[in-house]
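Presented below is the structure to which this report refers.
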Amino acid sequence: AGQRVADSLGYSVFIIGGFVRDLLLLNPTQDLDFVVEGNGHAFAQALYQELNRGQLTLHDSFGTARIEFPNGTHLDVASTRWEYYEFPGALPQVEESRLRDDLFRRDFTINAMALAINSDRYGELVDYYGGLRDLKQGEIRFLHHLSFIEDPTRILRAVRFAERYRFRLSKETQEGVATALKAGVLHKLSTERFTQEFLLILREKQYARMGQSLIELGVMEEWFGERLPWNFTRIPENENLTSEEKWLISVSLFNQQQINSALSLKLSREMKREALKFKEIQAALLAESSLNLSIMDQHLSGVSRNIRIALRYDPALEQSMNNYEQAVEQLKLEINGFALRKLGISEGPEIGRILKEIRWAWLEQKIHTPAEEKQLMLQ
Ligand code: ATP
């Protein structure tokens with residue numbers, strides 16, 4: 001569809017950035033970025049009509065637009081020609097040099113390749129900066145020496161791409177990171193932007209390795225102003241942990257003051273609330289002299305799944321948490337509030353008390369059958 005629209009409007013159109021990189025890595029992703037040598041809004045509108053689905057949003061006067069699809073994927077359109085909107089039909093050499101400029105503003109060579117989609121040059125790779133070579137060599141390479149000074153979030157992005165693909169930073173890129181950090185560039189960065197990049201890292205499977213790498217580079221210490229006991233090493237790659245769970249595990253060794261330092265990030269209210277709740281429950285469990293199942297249940301009933309999973313990764317609680325989760329899974333409680341009401345118990349608190357007592361009796365294996373449960377209830 002993109003090709004038909006590009007040809008019929010007479011625009012040169014390219015797919016650019018992450019999609020091209022992942023395609024060459026034989027790992028296609030769904031989000032598409034188009035760069036149009038022409039009116040970006042006109043291209044987006046025509047493409048939207050051709051696709052006949054999703055939702056189109058036209059942004060600012062720079063000719064950018066987005067089509068969002070119901071499955072959560074999207075397609076972005078940008079124009080190389082926005083500065084000269086008033087003057088259509090610029091010379092082809094000028095157009096080419098604008099694409100080159102657009103690509104030069106990107107973060108790394110592997111993200112600075114474009115793929116032509118017009119029928120006359122379909123599939124042609126535009127690679128001015130050696131992106132394909134770096135993909136083959138497994139290297140993350142910046143496009144110019146001021147890259148990290150210009151935009152310090154690229155330091156976090158470098159780590160993210162390097163660990164995701166198990167690439168390394170090229171020698172100059174590594175030096176560029178060190179120089180930029182030494183110059184204190186992180187202090188130029190807003191909390192929002194640092195947090196945004198940190199959250200992208202949290203979503204990655206190799207989050208723990210990325211975190212470890214950020215520690216080694218000195219990024220974490222520089223940003224938080226102190227050396228925090230991040231618990232990255234206990235986060236496994238092969239388990240499907242959510243961002244929230246990974247976040248809780250990584251702060252599980254922090255004390256109260258250190259948690260406050262971590263919460264200076266611009267996280268969602270929910271993520272902050274959960275971190276505090278996690279620390280509270282962890283402390284309460286660790287303060288118990290013995291952790292039998294009913295005591296654990298007192299602390300853990302009603303606690304979110306994220307927190308319960310994260311507690312399993314605290315070495316001091318691992319065994320007890322696993323026992324507890326297993327016991328809860330096997331719980332055969334038959335009685336409920338409705339049945340108790342039918343038996344003539346009408347007061348809420350009384351019903352709650354009886355249900356808890358029966359639940360704990362099961363957990364402590366004081367009862368083993370529905371018959372025993374009924375007997376206990378009638379006592
Ligand atoms: P992912 O697989 O993580 O989505 P992506 O490459 O698609 O990777 P995005 O963050 O969506 O990542 O960025 C899209 C493109 O925009 C990148 O490929 C890169 O070319 C460019 N880009 C994004 N952030 C920056 C930045 N801070 N500096 C320069 N270019 C950037």
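Predicted, not measured: the structure shown is a model, and the values here were computed from it. Whatever order the structure lists ligands and atoms in, that order sets their numbers, starting from 1.
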Check your understanding: When you look at Arg98 and Glu37, which way does the salt bridge (charged side-chain N to carboxylate O under 4.0 Å, His left out) test go after all the steps?
Key -> CA-CA 8 Å; Arg98 292 212 186 114; Glu37 292 182 338; over 6 Å; no

Revision key, fill the gap. In terms of its nearest heavy atom to atom 28 (N) of ligand 1, the top option of Glu197, Arg203, Arg154, Arg193 is Arg154

**Study point:** Intermediate values then yes/no, side-chain contact (heavy atoms from CB on, under 4.5 Å), Ile235 and Tyr207
**Key:** CA-CA 8 Å; Ile235 300 175; Tyr207 164 69; 3.6 Å; yes

Exercise for review: List the closest protein heavy-atom neighbour of atom 19 (C) of ligand 1: residue, atom name, distance to the nearest 0.1 Å.
Suggested key: Asp107 OD1, 3.5 Å

Review point. Would a search of protein heavy atoms around atom 11 (O) of ligand 1 find one under 4.0 Å away?
Key: no

Practice item. Report yes or no: does Asp151 have a heavy atom closer than 4.0 Å to ligand 1? Key: yes

Revision key, fill the gap. of all protein heavy atoms, closest to atom 9 (P) of ligand 1 is Arg157 NH2, 3.7 Å

Review point. Can you tell me the protein heavy atom closest to atom 6 (O) of ligand 1 and the distance?
Key: Arg21 NH1, 2.8 Å

Point to revise | Atom indices of ligand 1 within 4.0 angstrom of Gly17 heavy atoms, with elements | key: 18 (O)

Check your understanding: Taking Asp151 as the fixed residue, which of Lys188, Arg106, Arg105, Arg193 is the one that meets the salt bridge (Lys or Arg N to Asp or Glu O under 4.0 Å) rule?
Key -> Arg193

Study note, to complete from the structure: ligand 1 to Gly18, heavy atom cutoff 4.0 Å, flagged ligand atoms 6 (O), 7 (O), 18 (O)

Point to revise | Numbering as shown, the atoms of ligand 1 that approach Arg160 to under 4.0 Å (heavy-atom distance) | key: 3 (O)

Study note, to complete from the structure: When distances are taken from atom 16 (O) of ligand 1, the protein heavy atom at minimum range is Arg106 NH1, 3.5 Å

Point to revise | Protein heavy atom at shortest distance from atom 4 (O) of ligand 1 | key: Arg164 NH2, 4.8 Å

